[in-house]
Every structure is written in C-alpha cells, then in structure tokens.
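Following: one structure in structure tokens, then a few remarks.
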Amino acid sequence: MQMVQAQQSNTQDLKSATQHQLNHDHSGHDHSGHDHSGHDHSGHDHSGHDHGGHDHSGHDHSGHDHGSHAGHGHDSHSSGPCGHHDGPYDPTGTAIHHISDGNVYSILDAIRIPLPTFLYAPDKGWDFFMSSKFHIGHHEDGHMSYNGYVMHHGSAYRVVDAGFPMEGSVAHDCFTKKTVKDAKGKDKDINYVMYNGKEYKLDARSTFDAGLLGGGITSFYDYSISKNVLSMILVALLLFFLFRKAAKAYTRNPNSAPSGLQNVLETVFMFIRDEVAIPFIGEKKYMKFLPFLMSIFFFILGLNLWGQVPFLGSTNVTGNLTFTMVLAIIVFIVVNINGNKDYWKHIFWMPGVPVFVKPVLAAVEGLGLFIKPLTLMLRLAGNISAGHIAILSFIGLIFIFGDIFGGIGGNVAGTFMSIPLTMFMMALEIIVAFVQAFVFTILTASYIGAATEEHEHH
Amino acid sequence: MFLAITGTLAAIGAGIAVVGAGVGIGMIGGRAMDAIARQPEASGDIRSAMILMAAFVEGAALIAILLSIFIAG
C-alpha cells in the first residue's frame, strides 16, 4: 500500500515537475531537526516554500507531499523508496561521507558553495559545468541530473542505464541503495536514483579518491576542482600571503625584533631548521633542501589545521590517501635524484659485509626504497583520517543515543556525553596536526640525509 | 561464512599489530624520558631520535594494518 502511495506522490510531483521534487528528502540519513511526528502532514499547501535555499531543517513540513508518510511514524522501515526515514542513524556511512572528497563545499550543510566539475567518460567525452547544476539540497544530494550525471552524498555519480535521459537536466527523486553479492561473494553496495518512479543504476564513484577502499573501476573520471583541491588552493594562498607579509617585515625593519605573525612563523621556521634540517642533512647541504622541507611542513600543517576548523567544511585533505601518495612520490623523487654514489652502493652492494650477505641486504634495502614512501603516505593519511573519524563518532553519539532512548531525551543525554569527548579529541587532534607534519618533515629530512651523506671510505 | 571469518581474522591481526606498535612506542617513549631525566641538556637530540624511532615502529604496524585491509576488503 505504501508503495502505491509513493507512486501516487510521484505522479503528483510530476505535475509540477521540479519544484515538488526539490522538496523530496532523501533516504538513509537524517540528523537535524527532521522530527516529523510533530508536524502537520495533512495540509498540502505548497505555498511559502523556499525552493532555492533547500534548507529543509528550518522548514515547516506541512507543505511537503507526505503521501507515503501518512500512515506511519518516522521510525518505520517500510516507507516507500523515497520516504524521509528509512532506519536508524548510520555512523559508519556518516563518517565515511564526511572524510571523503566531494564536488561541493558545504558549510554546516546550509551554505553550499558549488565547485567546477570536470567529468570525463571515455565513451562520451568531457563535461564541464558548475556543481550548482545538480541543485544540491539536504545532505549534499542533488535534485537535478546533468548530462547523465547526478550528485549523491556530495559526489558526482554517473547513471549507467540507457533509459535515463543522458542529455540536459531533468529533476529526479531520491537515491536508494541495494546490497548485492559480487562475484567473489562479498557484499557490495549499488546506488540507484529514482526518476519517474523507476530506479536507474548508478556507477560507482570515480576512484581517484577512494579506489583503495573498495570503489572499483568506473566508467568515468572525475577531474573536478573538488572540495579537497579547493582547500589546497586556499591553504597555499593563505601560506603565500602570510609568509610574504613576514618576509616584507624582515626587509623593512631588518634590525628590529620580530613581532606578531613574524614571531609565530619565525619560531616554527627556526625549529624546523635547527632541529630537523641541520642535524639530519648537515651544515653543508641543508640550505639546498630547506625550501622543500619548509614547503612540505607548512603545507601539511596548514591543511591539517584547516581540516580541524569546526563547521568550515572539515575537509580531510591530509587524510586522503591520494594526496599523501603524491607527497610521498615527490619525496621519493627528491631523495633518489639526490642520492650519491655511496647511497646506491649501500643499497645494492653493501660494503663491509661478507659477499654472500650482499644480495640478501640488496633485496631488503631495495624493498626499503619503496616501503619508506609507502609508510610516509599511510602514516599521515591514517592518523588524520582516524582523528576525523573519532571526532565524527563522538558527535554521532548524539544521534545514537537518540535512536536508543528515543526522541529528544536521548539526544540531550548524547549531547552531554558528546561535547566533552569531542572537545578532548579536537584538542588531541591539534597536537596530532603538528606532530604529523613534523614527523613527515623529519623523516623526509632523514631520508635526504641518508641519501646525501658522504661516508669515509673504510 | 568463510569470508566473514577472513574479515574477523584480519581485524584481529590489525589489533595485534597495534598492540605490538603500542608496546614498541611505549618503550621508546619511556626510555627517552629516562634519558632526558638523566641528561636534560641533551633533550633536543633525544626528542628527535625518539620521534624518528617511533615513526619507524609505527611504519611496521602500518604495513600490517594495510595488509589486513587488503585481506578483509
């Protein structure tokens, strides 16, 4: 019966095309202020809606088309595919969503900054557009498709069903998810988009971000200026202006004591120079590598701290394996092109050990050549992602308690649990932000030092 | 069924790796504290060496965790 009602609601929606569908909420996630039990669902008064803002949380839901909701409470699992609520809070999904990259920069799930989206599908060619074309709504789900692409949980997906209109924009309904067994018998989630009451299969997300975590190969590539890329650009610009300001102060007043910003930057700069660069690389050569070490340190530190700012997007750039992989590859290249004869000799033909040990050591050292950047990559991404997940889990306590004890009382209890834990974790994460930037730099310096060290010949 | 066991075993393996790294990093930290208490003037050098060693120990644990992820995933 509910399916029928859902169908009816869809038919009703079609009459006024996009606008009603903009008001559809999405399955699988509901956190803020969506307690529908207290709302008046009966009056189908469509006036007074802000269709542009998509701010569902602050709205009076009486105007929504809640045909499929008339008969049951919001904790029911049997609502139509586009029901408002289909189950309890999902901590894992929420955490993964929040540490992933995306094609929209959201602040508090209220202000959504559209980003340039560059998608390429080998069988179709390029698509360049702003992600505002998706009409992004609550929880970063789009309401419109564009050239066969839709937005779900902040990421562009491609519809892989020929029945779906592949050209131009059409309004679609919510997203649904099915779990199926793949060829190896493992559970795999497949997303579908509802359009005209039918489900259309979505391809997996483009895997430049999450392929390692099981995304798989897709039929399209996402080269967008994503949330992470925008954060990188912003932090790079911020660092550029901060250091330019400090540098100007030095040239203007070379003889006066540093003050303000200069003081902060100088302290950190001197620390890296005196504690990292000089001891590990040596007095003679450190100047050649100092700019590289400083760039790495301040870029990682800036991005770590940028991700820690509450409500400001909470981008997880340094917790992204792709980003840390690029950093590790750069370090690998810098270390190895600066490696001297002794360095290579110590890898492939270790002096001073018996001949039969040499090949064994060469194998171990050769492996170590690649394990070093690999651990650099994993350490940074793992630590920062773990911190983000811990904070999100503690915030999730509010909703988990709300699900267990029901209603506002559980939410309040969860909030009192959550606030101290979250504050503690954020304080810890600020330390981790500094320590991880420092560890990355000190390890880079020690690898460079080992590669450029001049041994006395025995 | 079998796959479920594989996932659990991978999780246990990751846990054991973390225990090992925890013991290792704990010992490094503890000994570094001893060393700093004995020779406070060398605290800078000791701290750098401590962080470097902790990073190496952590690296071994990270490889174990990565293997666990690949086996489970």
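Just so it is clear, the values below take in all heavy atoms, side chains as well, and ignore hydrogens, waters and symmetry mates. Every chain is numbered from 1 and lettered A, B, ... according to where its sequence line falls, protein lines coming before strand lines. What you see is a predicted model; the values in this text were computed from it and never measured.
Of the atoms belonging to A:Ile371, it is side-chain heavy atoms, and not backbone ones, that fall under 4.5 Å from chain B.
Using a 4.5 Å cut-off between non-hydrogen atoms, no part of residues 16-32 of chain B approaches chain A. The stretch residues 436-446 of chain A places A:Phe438, A:Val439, A:Ile442, A:Leu443, A:Ser446 near chain B, each with some heavy atom under 4.5 Å from a heavy atom of that chain. Close approach to chain A, defined as a heavy atom under 4.5 Å from one of its heavy atoms, is seen in B:Gly44, B:Ser48, B:Ile51, B:Leu52 of residues 39-52 of chain B, taken by number.
B:Glu58 contributes atom CD, which lies 5.0 Å from atom CG of A:Asn383 (distance to the nearest 0.5 angstrom).
The backbone N or O of B:Ala55 sits less than 3.5 Å from a side-chain atom of A:Arg379, completing a donor-acceptor pair.
Within 6.0 Å of atom CZ in A:Phe434, 12 or fewer heavy atoms from other residues, nucleotides or ligands are found, so the atom counts as exposed in its surroundings. The local environment of CZ in A:Phe271 is crowded, with over 12 non-hydrogen atoms from other residues, nucleotides or ligands closer than 6.0 Å.
Shown here are the side-chain contact (heavy atoms from CB on, under 4.5 Å) partners of A:Ile347, two or more places apart in sequence or in another chain: A:Tyr343, A:Trp344, A:Glu365, A:Leu369.
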